[in-house]
Amino acid sequence: MRLYAVVAAGGFRRYATYRVATFAGVFTNTVFGFIMAYTYTALWDERPHLGGYDLSQAVTYVWLGQALLMTCAMMGGGFEDELIERIRTGDIAVDLYRPADLQLWWMAGDLGRAAFHLLGRGIVPMVLGSFAFELALPGNPLTWPAFLFAVALGVVVSFALRFLVALSAFWLMDGAGAAQMAMLAGMFFSGLLLPLNLFPGVLGEVARALPWSSLLQVPADVFLGKHTGWDLAGAYAFQAGWALALLATGRLLQTVATRRVVVQGG
């Protein structure tokens, strides 16, 4: 485990070196946060308590989305492009022969990336948003660690989804198409554009049942106090269930791909 802790720390330092990119990201998240916050304000003025949120909660949801956008990689980004390229060029064969687990290696690095983005691109937009809008911040101090745990589970689900996308390059000529589809699904079904509680009927039920809701909708509802007690445990179970199922699927595909590389190499 020490090896993967070092990899995670390396992932954090890797993204910390891009200071100009981080500043640009903070600026972009803040600008889009203001645009969406004013849009939500106009919408909630017409439809108060839409989706079960009051105006303050709705605006808070906007800024949580900007804070978690890169943390949970809702639009993709991070390791998958690099892994797809290594598969395409055949360099992945070297990785598979190393004395380290491929899935754990990339997940450790992605956890380091997520930790940096939570601190580097998550806190500042949220703070700036709180100066301009009345945010619904938790009154119970225990809500903060509950929220961070939900975010951590969301990051694992996000990694597992993107790992599957990257592994698709073993069977496709290029993984770019799968990555684009995953990006669109992440934007729509995570609740980044609109809270999933606003989706009508069957569409809303399906959207909330898909793994992408673990990236934003579930952590945001934990932050806003929508999940407490056994309901909070159920939210964690939902995220953990998807994480385990997706990681297990990734493990299976990794095993199949490894055998394929060994056979071709032999």
Report summary line: Closest heavy-atom pair, Pro195 versus Tyr61, reported as atoms and distance to 0.1 Å, is CA-OH, 3.5 Å
Report task. Might you confirm whether atom CZ of Phe32 has over 12 heavy atoms from other residues, nucleotides or ligands at distances under 6.0 Å? Result -> no
Report summary line: Taking every heavy atom of Leu172 against every heavy atom of Ala178, the minimum-distance pair comes out as CD1-CB, 4.4 Å
Query - Common cluster, Met75/Val155, ILVMFWY with side-chain heavy-atom separation under 4.5 Å - result: yes
Query raised in the report: Under 4.0 Å between a Lys/Arg side-chain N and an Asp/Glu carboxylate O for Asp101 and Arg251?
Result: yes
Query raised in the report: Would you say the side-chain atoms of Lys226 pair up with the backbone N or O of Gly52, donor to acceptor, closer than 3.5 Å?
Result: yes
Query raised in the report: Is a donor on one side and an acceptor on the other found under 3.5 Å between the side chain of Thr71 and the backbone of Leu68?
Result: no
Query - Asp91 versus Thr89, side-chain donor and acceptor atoms under 3.5 Å - result: yes
Query raised in the report: Going by heavy atoms in the side chains, are Val127 and Phe131 under 4.5 Å from each other?
Result: yes
Query raised in the report: Can any side-chain N or O of Arg88 pair as donor or acceptor with the backbone N or O of Leu83 at less than 3.5 Å?
Result: no
Query raised in the report: Under 4.0 Å between a Lys/Arg side-chain N and an Asp/Glu carboxylate O for Glu82 and Arg14?
Result: yes
**Report entry** Residue pair Asp221 / Tyr53, side-chain donor-acceptor N/O under 3.5 Å
**Finding:** yes
Report task. Flag the pair Pro219 / Gln239 as yes when at least one side-chain heavy-atom distance between them is below 4.5 Å, and no otherwise. Result -> yes
Query raised in the report: Hey, does Leu3 have a side-chain heavy atom less than 4.5 Å from the side chain of Trp105?
Result: yes
Query raised in the report: Any side-chain heavy-atom pair from Phe238 and Ser214 closer than 4.5 angstrom?
Result: yes
Requested in this report: Answer yes or no: is there a side-chain heavy-atom contact under 4.5 Å between Phe23 and Val20?
Outcome: no
Query raised in the report: Does the side chain of Leu137 come within less than 4.5 Å of Phe223's, by heavy atoms?
Result: yes
Report task. Report the residue from Val202, Leu196, Asn197 that forms a side chain to side chain contact (heavy atoms under 4.5 Å, CB included) with Phe199. Result -> Leu196
Query raised in the report: So, the side chain of Ser158 versus the backbone of Gly154: is there a donor-acceptor pair under 3.5 Å, distance only?
Result: no
Query raised in the report: Which class fits the ring pair Trp106 and Phe79: parallel under 30°, tilted 30 to 60°, perpendicular over 60°?
Result: tilted
Query raised in the report: Do Phe133 and Phe34 make the cut of ring centroids closer than 6.0 angstrom?
Result: yes
Report task. Please confirm whether Phe188 and Trp212 have ring centers closer than 6.0 angstrom. Result -> no
Requested in this report: For the residue pair Leu118 and Leu148, establish whether any side-chain heavy-atom pair is separated by less than 4.5 Å.
Outcome: yes
Query raised in the report: Would you say Tyr38 and Trp63 are hydrophobically clustered, going by side-chain heavy atoms of ILVMFWY under 4.5 Å?
Result: yes
Report task. Could you tell me whether the side chain of Gln103 and the main chain of Leu247 form a donor-acceptor pair under 3.5 Å? Result -> yes
Query raised in the report: To the nearest 0.5 Å, what is the distance between CZ (Arg121) and CG (Leu69)?
Result: 6.5 Å
Query - Side-chain donor or acceptor of Tyr236 paired with backbone N/O of Ala146 under 3.5 Å - result: yes
Query raised in the report: Taking Ser190 for the side chain and Leu215 for the main chain, is one N or O donor matched with an acceptor at less than 3.5 Å?
Result: no
Query - Ser56 side chain vs Ala136 backbone, donor-acceptor pair below 3.5 Å - result: yes
Query - Salt-bridge criterion met for Asp110 and Arg162 (N-O under 4.0 Å) - result: yes
